[in-house]
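Here's the structure, in structure tokens; my notes come after.
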Amino acid sequence: MSEDFFQGYKGTALEMLKKFNVRVWGQAEVDTTRGAFKGTILPRSESDDDTHIVMKIPTGYNIGLDTDTITGMIETGYKKANYKIPEKEFPNTPGLPKVKLIGTGGTIASRLDYRTGAVIPAFSPGELYGAVPELADICNLTTEKVFAVFSENMGPEQYKKLAIAIGKEIENGIDGIIIGHGTDTLHYTAAALNFMVQNSPIPIVLVGSQRSSDRPSSDAALNLMHAATAAGHGDIAEVMVCMFGPTSDSYGFLHRGTRVRKMHSSYRSTFRTIGDTPLATVTREGVVPIKQIYNHRRKDRNVTILPYFEEKVGMIYYYTNMNPDMIDSMVDNGYKGIIIIGTGLGHVNKPLYPAIERATKKGVAIYMTVQTIWGYVHMFVYDTGRDLMAKGVIPAENMLPETAYIKLGWALGQTSDLEKVKEIMLTPINDEITKREPYNGYLVYQGGVPEVEAFIKKFRK
Amino acid sequence: MKNKFDPAQNYNNTLKAVGYVKRKEATQKTYTDIGFMSGLEVHQQIDTKEKLFCRCPAGCYHKNEIFDAEVIRHMRPTLSELGEYDGTALMEFRTKKEIVYRIKNETTCTYEVDDTPPFPLNREALEKAIKISHLSKLKIVGEVHITRKQYLDGSIPTGFQRTAIIGVEGEIPLKNKKIRLIQLSLEEDSCREVSDIGHTRIYKTDRLGMPLIETVTYPDMVNPDEVKEACNYIRFLNRSTGLVRVGIGAGREDVNVSCKGGTRIEIKGVAHTKWIPELTHNECFRQWALLNIKKILNERVPDPKSWKISHEFISYQTTKVKYPALKAAKANNYKVVAVNLPDFMGILSHFTQPGKVFANEFTDRLKVIACLERPNMTHSEEFVPIIAEADFEKIKKTLKASENDAQIIFWGPEADVKTALETIEERCLMAFAGVPNETRKSLDDGTNIFERVLPGADRMYPDTDSKPIPLPNDYINKLKEDLPQEVTERYHQLKKWDVPEDTYTFIFKRNHYPLIVRIINELGFDPKFVGTFFGHTLKFVEGHYKPTAKFKHTILFHLFKFVKEQNIDTRILKQMLPIVYEHPKIDFESVLASIKFKRIEKNEIVSHIPFLKNKFKTVCRKDNTEIEAKWIMGELRNTAVGNISMTELYKSIVGK
């Protein structure tokens, strides 16, 4: 119990608080060699040093005091803060679609965490309704927390659990599913669910936010409204990613889960469909398809759940002067599948050849993708490519590296017959390989060009 | 038959009832009686190359129409660290504003528009802020924590200002007392507003993110002049360091005012210190007037909780549409709504500020909260009625209004009517309680208008994107070295030198003191002359001439040096300055040529005296040595200036 009184404090700072009998959330007067300070003692982030004590002064600001300067402390009161979004019961409106929000963590719903000083996931339908009341005009929302992890901690176990949970919801007659997810690995999960949940009769929308919901300019609320619209009212019954189109609070994109990628570390409009156009745009008014061909919403409940994953699959990002031991070590560690992210059209240097040969002979499935992100693997163009193919490397067409990794894990999860794996890998389930790349599938315009600038000025980034 | 209600008469009567006096007639007793209390928040941009949390250049500004891209954002209220919603936050959310940011690539990166987390705090700015904190005798914190202060008006794209306390509890000396300081913070500056029409507010992001310090005082000032004096002191202190930006917009202050029984009202963005006395005087009396209104209303309405407005939509047929704003409303297909305020007769035309009545409190709330463009209303107690009496009678009938009621008629888009009605009722109910918490905007006539609801401490939130910065003893002590002299000491020094007091403001405002001292110490000029030269001559020249190139004040040092080396009399400086100021690149010899200065030996000038003495005898009517001397001085002045001092010349005339 006593630890709670000194939340996050350690070493010198903790000693100091104990010595003067002052608790976290205690109102204190502190004498220091720089003068007297007054305020409420706050918890300290665990990763911060042990020589400062944090306090909130009466004007609402936080400051830190150096333990070296503290000569005395007195606790004069105690008031613990209760950080909680007002919970209101989510209203049920007859006639609106039933949507399930499955929470996995991430910034879509988060709050301050004193342990790390960062934000941690927090989530309940009541909280969501308290924070985004507009949701009640879009759908009848229920929520379920399947697990709460940071995006980077999502993995095969979570993919499988999610797929099963989705299957159950569909069986129970839900009209649409939203999955709240951290953005860093959102596209991995989107790919996994595309393979594990097939022939869904309803939209399954993955959504996140690039700015946590504890800030007024967060994209979380609008993303959530867009996702609810797509899940509840949209006709596209696929596993999709729903995130900002432009960085402005304007419209969202629905991206096909197999072709989407996070392209900027911090922009709101970070998710882009690669090598194709997004499926649709979405606003609170509804979904407007961009692509003509997609899976339509159906009344039946005939979904196929395929929750398989072989965890001994890895990817290596080729770099000049890569040594063969990189591949050898994977083989020696029992990896069954490797995705190589090669240069240009799908190349690696010659010194790797023997290692690759050794791997394929041992029955390791090796697939080639490209570092350029856009474009197909073309291994016939240069000798290098032909040599690699001869040694058993299989080109993964225009599959995105992350999607290829997920698919190989999923394929090897079902069979160890490499021919069958190859068939699964090269037979597209939902456009992870496309037959053709439309001309507008690659649009990375360069700033500074007058006509580009004119366009940006007119259409709002 | 009752006398007809006369709004203008009511204004005058209530002005008297409140006891309003003009500032010139007010004494300390006036202010003590109404409990005048005021504090300051003085903002000053720090002079750095780059912005506070990103590496964009600071101090580059653009015209409104010059931009490369626009970004749209909407702000949503969020919880504070202590788990509460802030009042302003909720009010501003109700307005549903679309905020447009105009971005110029040169001055804005992805940080400002909140598409990138902050970069480490600008150390140059931090160190300058610590130095100024030292000078303000503040206690420097042990660790700087970046806090987010929520702003939902959109003036910052993140929806909050990153700000950090550097020091707390300091003091500054005024002539007769000490003013305590609450704190000094280092924060990022906000966007500049381009326009705010209906539901769209446009900002530009050039100024956004520039480092700024805010010095906050306790409400220790008890009359308007003290507020001005304290404000000047803080501004002069900031400028004395040479570490801050100067020029338009580089220094701005918010003034907090309350009266006895009133509340802290924050008047935002006061651009000129000289406006402060009038503003604070009027604001204090406005609160005093609101308390009078509270008294009247509570006498009339025993149970304010059940007090309600009622309203009716009015067709354009009911009133003759002559008033231009109503014509425009009709053209826009706006709804016209008549609102009945029970028992508010005589309140709407109640005095609040010189030339302003209680009804004015509604119009700006309707603009800010309900987004109704002004003019957006009229009422039953206009001095010059806008709606004809007969029409108004019809409206009153529709509203089933009784004799003691008052009416507001407003117009606007149908979608905003609900918020407008809430806004009117809300403000009326606040009148029963006295003075609502507000931030208000200063106008140059010395009055002020509603701007926003005053935010509380609840809008604070720790910045989860940045780590605290420790300030160890040796680091802050090192920054104590080479601090400039305190402003009070400088003030006393000028006094000792007998420099006229009316020069001090100019000297401190422009931070000329260090240059003056340098001229005195290094060149040996008479302190009184140098001080006066800066405070009078330079001030005059700056007000009347325009430089053709950038005028750097260090030129003045070289000018003084030139005059000394050339052994020219100092009086010539006053003639040289306008030319040097207009043409900063000109060489000083050419300046002498252009004022037609000729070097003449003293002896030669003095040699003319006997001749002139004879001449005087022929022109004078009275033989008086004093008049004679003056006349001769006049004759010789032009040739004498620069060649011989006037005192010496005088001595030569009368001594002989």
In terms of heavy-atom proximity below 4.5 Å to chain B, should [X] be classed as side chain, backbone, both, or neither?
X: A/Asp49; result: side chain
X: A/Ser250; result: neither
X: A/Ile57; result: side chain

So how far is it from [X] [atom1] to [Y] [atom2], rounded to the nearest 0.5 Å?
X: B/Asn105; Y: A/Glu453; atom1: CG; atom2: CD; result: 5.5 Å
X: B/Ile99; Y: A/Ser248; atom1: CD1; atom2: OG; result: 12.0 Å
X: B/Glu70; Y: A/Phe459; atom1: CD; atom2: CZ; result: 12.5 Å
X: B/Ile103; Y: A/Ile456; atom1: CD1; atom2: CD1; result: 10.5 Å

Is [Y] close to [X] at the side-chain level, that is, under 4.5 Å between some pair of heavy atoms?
X: B/Phe67; Y: A/Lys457; answer: yes
X: A/Arg211; Y: B/Asp114; answer: yes
X: A/Asp48; Y: B/Pro468; answer: yes

Problem set entry | For B/Phe119, all residues meeting ring pair (Phe, Tyr, Trp, His ring centres under 6.0 Å), sequence neighbours excluded |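 With sequence neighbours excluded, B/Phe119 shows a ring pair (Phe, Tyr, Trp, His ring centres under 6.0 Å) to no residue whatsoever.
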For this session: Dump the intermediate steps for side-chain contact (heavy atoms from CB on, under 4.5 Å) on A/Arg34 and B/Asn473, then the final yes or no.
Result: CA-CA 9 Å; A/Arg34 295 184 194 176; B/Asn473 280 339; 2.8 Å; yes
Interface moiety of [X] toward chain A, non-hydrogen atoms closer than 4.5 Å:
X: B/Val100; result: side chain
X: B/Ile469; result: neither
X: B/Pro470; result: both

For this session: Might you point out which heavy atoms bring B/Arg76 and A/Val132 nearest each other, and give the distance in Å?
Result: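 Closest heavy-atom pair between B/Arg76 and A/Val132: NH2-CA, 3.5 Å.
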Problem set entry | For the student: nearest non-hydrogen atoms of A/Gly35 and B/Lys139, plus distance |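 Scanning both residues completely, I find the closest heavy atoms to be CA-CD, 3.6 Å.
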For this session: Decide side-chain contact (heavy atoms from CB on, under 4.5 Å) for A/Ser47 and B/Lys467; before the verdict, give the C-alpha distance in whole Å, the side-chain angles of both, and the deciding distance to 0.1 Å.
Result: CA-CA 10 Å; A/Ser47 58; B/Lys467 293 277 279 179; 3.5 Å; yes
For this session: Apply the side chain to side chain contact (heavy atoms under 4.5 Å, CB included) test between A/Tyr61 and each candidate in B/Ile146, B/Thr163, B/Val168; give the one that qualifies.
Result: B/Thr163
Exercise. Do B/Arg73 side-chain atoms and A/Asp249 backbone N/O form a donor-acceptor pair below 3.5 Å?
Worked result: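 No, the answer is negative, given that no donor and acceptor are paired below the 3.5 Å cut-off.
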For this session: Using only heavy-atom distances, determine whether the side chains of A/Thr247 and B/Asp115 contain a donor-acceptor pair under 3.5 Å.
Result: yes
Exercise. So, B/Thr158 versus A/Ser217: side-chain donor-acceptor pair below 3.5 Å or not?
Worked result: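 Checked: B/Thr158/A/Ser217 side chains show no N/O donor-acceptor pair below 3.5 Å.
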